[in-house]
Structures are given as C-alpha cells and as structure tokens.
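In what follows, every heavy atom counts, from backbone to side chain, and hydrogens, waters and symmetry copies are set aside.
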Amino acid sequence: MTGKTTAYAERLSALLRERGMAPARAEELVAELTAYAAEAGSPLEEEFGPAGELADQLTRRESAGAVDGPGDGPDTWVWTADALQEVELLARFGGQGWEAERLDRLGRFVCRRDRQTPLRWSYRRETTGGRHREQLTARLATEGWELFGTWGPFAYFKRPEAAVTGPAAQLSAPPAPPRRRVYFAPWILVTLAAAVAVAVATVLLAGSGAGLTDGASLAGALVGLTAGGLLGAWAWRSAARRHTG
C-alpha cells in the first residue's frame, strides 16, 4: 500500500473503533475495502469518499443489521453512461453488489443491492437483434446468463457470480452507493453541444436571411447537418461495438 492508502486505512479503522465497532470487525472491513480499491486501481478516498463519512455509513449499516434484521430493504440506484464506458462500469458496480434489474424507457440502469446479503454480479453486452437475439438469449441461458434489457442494437445480460465462485461472491462490506448518476465522456458532451450550436445558428441565419438566401441553400445546410449527424452516429456505434464484451 502507498503511504496515502495506509494513512486512510488506519484513520478509517480508528474511526470505526471510536464509533463502537469491535476492533476485529473494523480490521476485517478495512482489509476488504482496501483489497477492493487495489483491485479497482483507485485510491481509497477516491473510491469510497472521506473516511469520516464512510465510517458513519459502515457503522449505521452494521447497527441496522443488528437491530432491523433481514427485513431491512434494499438500496436502489439508477444511473446511465455512454456506450463506450458502460461495459466497464457494469463490471465495476457489479463487483460492488449492484444487480441491474432492468433498463428504463430512457435507457438507464435500474439497480438494487441487498443490504444484508449483497452478492457480486457479472454482466455482458452483446450487439444483436431480431431472431438472432432470441437464439443468443437461449444459448446464454444454459450458462446462467439472464437477459435484463435491450437498448438499440445492444442486449444486456447478467449473472450472479455465485453461479461461478459460490460463497466467495458474497460481500461483507460493500461501499456506499455512488453519488454520480451520469457517466458521459467529455468529448461526447462537447460534440452534442457543438451540434446544438450549429443547429441554432442555422435556424437564426435562415430567419435573418444572412448567408442562406434561398430554400436551396437552407436545404443544403440541413442535408449537411444530417449527414454529419449520421456520420457521428456511425463512428459512435462502431467504437461502441469494439467495446462490447
């Protein structure tokens, strides 16, 4: 561990003990969180937030488990990402115990996580449609994969890691629900903003007559915008397919 990671782990352990957690349990939780962050390749504070807040969350969760018992409800979380990132993020969040139940009408992942017995989940995304999708779903079902949603050309499957690793798939100290709900690469936001700006400029120029003096010029501009949009969509889908896994 780096010096910063060691300092964070020691502070978290001390805070958990100050809040009344048994030393052995505090060390167990800190060790698991440290191992998870190392596997994810992220600093502890970046992965889990300030040590004080994490200590509060872990303490409350332990207390709720002791008082409320198995009837305590699940955590829920809805998030979305661009197609280039979502496969990696599904793997990351599945490792934190989040089960994607479905895609909503906006294409967002609707997830839940059991507070008492959270399990790790595995995900895969396939580019397929029509009859081939039905055949693929049937074939993957024999390996424990379940189709939970489709969006455009993509089909999304999930499988509990317990089907492969057994009891090792259970988490004893999952991190707090992520604060972010939207994961889009900056270049995508810039491209969308540029497209909106060009469309607005085209409408304004058409209205004022500057630069676009007749219907043919306006039609040409709109055709150019449409072609550019289609080209961008093609490039995005091609890149997304290369990231499908």
Practice problem: Just grab all the ring pair (Phe, Tyr, Trp, His ring centres under 6.0 Å) pairs involving residues 13-33, residues at least two apart or on different chains. | Solution: none
Practice problem: Report the residues that fulfil ring-ring contact (aromatic ring centres under 6.0 Å, His included) with Trp121, sequence neighbours left out, ordered by chain and then residue number. | Solution: none
Quiz prompt | Distance in Å, Arg108 CZ paired with Arg102 CZ, rounded so as to fall on 0.5 Å steps | solution = 9.0 Å
Quiz item: Considering residues at least two apart in sequence or located in another chain, which fulfil the ring-ring contact (aromatic ring centres under 6.0 Å, His included) criterion with Trp151?
Solution: none
Practice problem: Any pair with a residue in residues 16-30 that passes side-chain hydrogen bond (donor to acceptor under 3.5 Å, both in side chains), sequence neighbours left out, goes on the list, sorted by first then second residue, please. | Solution: Ser13-Arg17, Ser13-Glu27, Arg17-Glu27, Arg19-Asp56, Arg25-Glu28, Arg25-Glu62
Practice problem: Would you list the pairs meeting side-chain hydrogen bond (donor to acceptor under 3.5 Å, both in side chains) in which at least one residue belongs to residues 134-145, sequence neighbours left out? | Solution: none
Run the side-chain donor-acceptor check on residues 164-171: report pairs under 3.5 Å with partners two or more places apart or on a different chain.
residue: Thr165; atom: OG1; partner: Glu161; partner atom: O; Å: 3.0

Self-check item: With Pro50 via side-chain contact (heavy atoms from CB on, under 4.5 Å) - residues at least two apart
Solution: Glu53, Arg179
Quiz prompt | Residues forming a side-chain contact (heavy atoms from CB on, under 4.5 Å) with Gln57, sequence neighbours excluded | solution = Leu54, Arg60, Ala176
Quiz item: Among Trp98, Phe109, Trp77, which one satisfies ring pair (Phe, Tyr, Trp, His ring centres under 6.0 Å) with Phe93?
Solution: Trp77
Quiz item: Under the side-chain contact (heavy atoms from CB on, under 4.5 Å) test, which residues partner Thr76, sequence neighbours left out?
Solution: none
Quiz prompt | Same apolar cluster: Leu33 and Tyr8, side chain cutoff 4.5 Å | solution = yes
Self-check item: ring-ring contact (aromatic ring centres under 6.0 Å, His included) involving Phe157 - partner list, sequence neighbours excluded
Solution: none
Self-check item: Residue pairs fulfilling salt bridge (charged side-chain N to carboxylate O under 4.0 Å, His left out) with at least one residue in residues 165-178, sequence neighbours excluded
Solution: none
Quiz item: Who else is in the cluster with Val110 when I, L, V, M, F, W and Y are joined by side-chain contacts under 4.5 Å?
Solution: Val78
